Q: 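Here you go, one structure.
Since we're looking at a predicted model, the values are computed, not measured.
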Amino acid sequence: MSQEQNDITKKRIVYRIPGMNDVTIRRDVGYQITGTGALTFDLYLPPDAESGARLPAMVFVSGYSDPGFQRMLGCRLREMESYVSWGQLTAASGLAAVTYSTIEPATDIHALLQYIRQNAAALGIDENRIGVWACSGNVPNALAVLMQQDQFELKCAVLCYGLMLDLDGATNVAEAARMFGFANPGAGKKVSDLPPNLPLFIVRAGQDNPQLNATIDRFLADALACNLPVTFVNHASAPHAFDVLDDSAASHEVIRQILAFMQHHLLAA
C-alpha cells in the first residue's frame with residue numbers, strides 16, 4: 001500500500017454484529033490472468049460455514065481500475081477498511097462476500113462472475129444465489145452488469161449513494177466519470193434496459209452532492225414508471241459514504257435494512 005493512504009480508506013463500517021472478527025477469509029484467489037499478472041479476489045465466509053456447504057454470495061462491484069484507485073486514495077478498493085468490514089459483516093450475516101482486484105472494470109467483473117459460476121462448488125458458493133453490492137462511483141458498472149444479468153442469473157442488487165444513469169439529457173454521470181476515472185459502461189442505456197424482475201435496494205444520502213442525488217431521483221422516477229421491484233431508503237440526514245462516516249442510529253438502521261434485504265433475497269431463494 002502507498003505511504004500516502006487517504007484517511008477515508010482506514011474507516012470501517014459504523015455498524016457491527018457478533019462474529020465479524022471470526023469470519024474466514026480466503027485471500028488472493030486467482031480468477032483471471034492478464035498481461036500484468038493474475039487478478040484475484042478475497043472470499044469472506046461465515047464463521048460457522050459447514051464444509052461442503054453452498055452459500056449465497058454478494059459480490060462487491062468495483063468501477064475503478066486498481067492502478068487508478070491507488071493513485072487517487074493510496075490503496076486498492078478491496079483493501080479499504082470499509083470493504084473489509086462490509087465483507088466481514090456480510091459473512092457474519094450468513095452470506096459469502098467477494099471483493100476483488102480489477103484492471104478493466106467493465107470487463108473484469110464479467111470474468112469474475114463467470115469464474116465464480118464455473119468454480120462454485122470448490123468455492124462453497126451457490127451459483128444460483130448471487131447478488132451484487134455497489135456504492136458511489138462503482139454503481140454505473142454494477143448497473144451495466146445488471147443489464148446483462150441474464151448471463152449470470154443475479155438475484156438482487158444493493159446500490160448505495162451512487163451515480164446512476166444519465167437520463168433525460170443529463171450528463172452528471174459522464175462528467176463525474178471523466179473527473180474521477182470510474183467506468184461508465186452503461187452510458188446511453190435506460191432504466192427500461194434493466195431486467196423487470198430483479199429486486200433493487202437503493203439508498204439515497206440526503207446531504208450528498210445534489211448533482212449525484214439528481215441521478216438517483218431521475219432513476220427512481222423511471223424505475224417506478226417501469227414498475228421495477230425497488231426498495232428505496234432516503235437517509236435524509238446522511239452524507240456521502242454514511243456507512244463509514246455517520247455513526248448514528250439512523251445509519252445503523254439503514255445498514256440493518258440492507259442486510260435484511262440481502263438475506264431475504266438470497267437465503268430465502
Q: Step through it carefully: locate the ring centre of F41, locate the ring centre of Y100, and say whether they are under 6.0 Å apart.
A: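 Aromatic pair excluded; centres sit 6.0 Å or further apart.
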Q: Parallel, tilted or perpendicular, judged at 30° and 60°: which one describes the rings of H235 and F242?
A: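 H235 vs F242 ring planes: perpendicular.
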Q: Does one hydrophobic cluster hold both F182 and L39, with members joined at side-chain heavy-atom distances below 4.5 Å?
A: yes
Q: Would you mind checking if R26 and D42 are paired as a salt bridge, meaning a charged N to carboxylate O distance below 4.0 Å?
A: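 So D42 does not pair with R26 through a salt bridge.
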Q: Do E81 and K10 sit within salt-bridge range, that is, some charged N less than 4.0 Å from a carboxylate O?
A: no
Q: Has the side chain of T9 got a donor or acceptor atom that lies under 3.5 Å from a matching backbone atom of M80?
A: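 Absent.
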Q: Just by modelled atom types, is the G124 backbone N or O under 3.5 Å from a matching donor or acceptor in the R54 side chain?
A: no
Q: Can you confirm whether the side chains of S101 and R76 place a donor and an acceptor under 3.5 Å from each other?
A: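 Looking only at side-chain atoms, R76 and S101 do form a donor-acceptor pair, the distance falling under 3.5 Å.
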Q: Tell me if the CZ atom of R256 is crowded by more than 12 foreign heavy atoms within 6.0 Å.
A: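 Yes.
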Q: Which pairs pass side-chain hydrogen bond (donor to acceptor under 3.5 Å, both in side chains) with one or both residues in residues 189-198, sequence neighbours excluded?
A: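 Residue pairs with at least one partner in residues 189-198: there are none.
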Q: Does N172 reach the main-chain N or O of D166 with its side chain, forming a donor-acceptor pair under 3.5 Å?
A: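 No: the side chain of N172 does not pair with the backbone of D166.
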Q: Tell me whether the count of non-hydrogen atoms from other residues, nucleotides or ligands lying under 6.0 Å of CD in E253 goes above 12.
A: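 Enclosed.
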